[in-house]
Amino acid sequence: MVLSTVLLTLTACGSNNTTTTTASVKPAESVKPAESAKPADSAKPEGTKLAGDFEIQYFVGGYGDAWWKQAIADFQKQNPDLKIKESAGAKINDQMKPRWLQGNPPDFVYIDGAGSNTRQMVTDDQLMDITDWLKDAKNADGKKILDLLIAQPEEYKPGKAFAIPLVFGSWGTFYDKALFKSKGWQAPADFESFMALGEKIKADGQMSDYIHTGVYPYYINGGLLDPTIIAMNNYDTSIFKKINGLEKGVWKSEPVMKSLAKIVEMRDKGLIDKGSPALNHTDSQSQWLQHKAAFIPTGIWVESEMAKDIPAGFEFGFLPSIGQDKGGKFVANPYTSTVAIAKKAKNPDAAKAFMQFIFTEKQSKAWAELSKAPSNIKADLEGTNAPALTKEAAKFYNSPNTVVAPEIVIPEELVTARNNATIALTKGEITPQQWADRMEEATDKIRSKEKK
């Protein structure tokens with residue numbers, strides 16, 4: 001079974017108790033459209049009249065379903081001859097699994113939440129190869145879809161596209177802007193300034209510098225280690241493809257070893273909270289919100305997840321990365337959720353048209369407002385009702401001073417090995433070399449299994 005660190009995170013943080021609904025959508029059921037999301041011109045494939053049944057499957061989790069209901073209702077208005085059916089809910093992935101296995105899938109699917117995995121669906125030959133179509137596909141506004149994407153489609157097979165990232169969030173390091181203003185602290189732009197500020201915070205004696213979720217080590221991997229690896233590789237993102245490809249020796253490569261050395265430097269200078277290894281994600285985030293630590297590695301969802309615990313006056317600050325050398329670029333390490341068309345879709349024309357409809361700047365703004373998170377479509381969110389943190393993150397994603405990395409997608413047992421090794425490193429139980437030895441050994445075992 002293949003899992004990404006992203007899937008683990010969304011499983012922990014993305015789901016809610018929304019009940020599953022399977023119903024035809026009528027325009028009257030739509031959420032009132034936001035001003036920023038007025039319906040665009042219909043996106044029918046040229047010369048095609050959309051009609052017949054069209055089924056959309058989507059997971060309802062931390063992002064809610066308001067955007068989906070609005071987008072689907074608007075698409076229905078433009079295509080009155082379609083009979084659109086929603087299959088949605090918090091448990092929809094498990095509930096729809098028998099249909100996928102039986103070869104009777106919905107036409108269009110949003111792949112997110114527990115029980116879903118894009119790579120596995122590609123491996124199981126369940127998704128349509130959209131490579132040729134996507135090369136020149138234009139959205140409802142006549143703009144090339146690929147040109148609007150922050151993160152490009154992952155190649156689960158060389159040179160092939162089966163899914164498009166719809167949601168773009170990223171790991172990063174977070175802080176309280178209001179606290180920093182009151183203390184006269186400047187948000188760091190690189191590792192050197194981060195360490196210098198860390199010494200000030202340590203001397204201040206009121207809080208620790210950096211707290212992380214030891215129970216879930218993929219937070220520090222995603223928020224600190226991974227973006228630093230890209231920076232230390234001179235911003236060449238191909239090293240992540242080597243990691244995903246289980247290439248021998250990659251864990252002992254110079255960029256990885258330099259990145260591990262920076263974690264050790266933080267640890268040895270007492271800038272990592274000693275209590276971190278015993279904390280889970282919500283406990284560490286609560287302590288950070290209470291100013292028991294100045295920085296925390298987590299994801300963009302943190303504002304929504306901790307909404308009930310945010311103190312008055314707290315202002316979320318976001319840095320995509322802190323491990324880059326002085327003068328270097330930021331690195332956004334993403335987690336994405338994709339959309340795809342079933343290989344056995346009964347109405348592929350409608351599915352393609354819906355894809356063209358949702359990959360627009362207007363829908364990007366609507367997603368940010370209704371889901372309170374960034375989409376994968378480049379758009380200026382100023383002037384929208386999107387949360388301040390989402391707006392700030394979007395500025396980084398759209399900046400030429402930010403490099404967007406591909407996702408690390410590795411087998412589950414390798415995720416576990418990496419998590420355990422990173423915790424041991426932050427606790428001072430192993431050296432970077434021993435960290436790399438563990439990872440190479442775990443990767444060798446997986447390669448051996450795959451050969452069999």
Do you see a donor-acceptor pair shorter than 3.5 Å between the side chains of Gln363 and Trp67?
yes

Give a yes-or-no answer on whether the side chains of Thr298 and Gln285 include a donor-acceptor pair shorter than 3.5 Å.
yes

To the nearest 0.5 Å, what is the distance between OG on Ser321 and CG on Leu225?
12.5 Å

Within this structure, what is the NZ-NZ distance for the pair Lys202 and Lys269, rounded to the nearest 0.5 Å?
9.0 Å

For the residue pair Glu55 and Asp107, what are the closest heavy atoms and their distance?
N-OD2, 2.8 Å

Within a 6.0 Å radius of atom NZ on Lys144, are there more than 12 heavy atoms belonging to other residues, nucleotides or ligands?
yes

Counting only heavy atoms not in Glu382, do more than 12 sit closer than 6.0 Å to its CD atom?
yes

Closest non-hydrogen atom pair, Gly198 against Leu271:
O-CD2, 3.6 Å

Asn398 side chain to Ala394 main-chain N or O, any donor-acceptor pair under 3.5 Å?
yes

Any residue meeting ring pair (Phe, Tyr, Trp, His ring centres under 6.0 Å) with Phe180, in chain and number order, not counting sequence neighbours
Tyr175, Trp185, Phe295

To the closest 0.5 Å, what do you measure between CD1 (Ile230) and CD1 (Ile408)?
7.5 Å

Tell me if the aromatic rings of Tyr156 and Phe162 count as close, with their centers under 6.0 Å from one another.
no

Please report the interatomic distance CH2(Trp367) to OG1(Thr384), rounded to the nearest 0.5 Å.
14.5 Å

Just how far is it from atom CG of Asp437 to atom CD1 of Ile430, taken to the nearest 0.5 Å?
9.0 Å

Can a salt bridge be assigned to the pair Glu413 and Lys445 using a cut-off of 4.0 Å between side-chain N and carboxylate O?
no

Backbone N or O of Tyr210 within a donor-acceptor pair of the Asp273 side chain at under 3.5 Å?
no

Donor-acceptor contact present, side-chain Ser276 to main-chain His212, <3.5 Å
yes

Would you call Asp125-Lys344 a salt bridge at under 4.0 Å N-O?
no

Would the distance check show the side chain of Ser284 and the main-chain N or O of His281 forming a donor-acceptor pair, the cut-off being under 3.5 Å?
yes

Salt bridge between Asp147 and Lys378, side-chain N to carboxylate O under 4.0 Å?
no

Can you label the angle between the Trp288 ring and the Phe314 ring as parallel, tilted or perpendicular, going by 30° and 60°?
perpendicular

If only atom types and distance count, is the side chain of Gln434 paired as donor or acceptor with the main-chain N or O of Thr431 below 3.5 Å?
yes

N/O donor-acceptor pair under 3.5 Å between Trp171 side chain and Pro320 backbone
no

Which pairs with one or both residues in residues 187-196 pass side-chain hydrogen bond (donor to acceptor under 3.5 Å, both in side chains), sequence neighbours excluded?
Asp190-Ser193

Flag for Asp283-Gln287: side-chain donor and acceptor within less than 3.5 Å:
no

Can you tell whether the side chains of Arg119 and Glu407 come within less than 4.0 Å, N to carboxylate O?
no

Got a salt bridge between Arg418 and Asp226, using NZ or NE/NH1/NH2 to carboxylate O under 4.0 Å?
yes

Side chains of Asp129 and Thr131: donor-acceptor distance under 3.5 Å anywhere?
yes

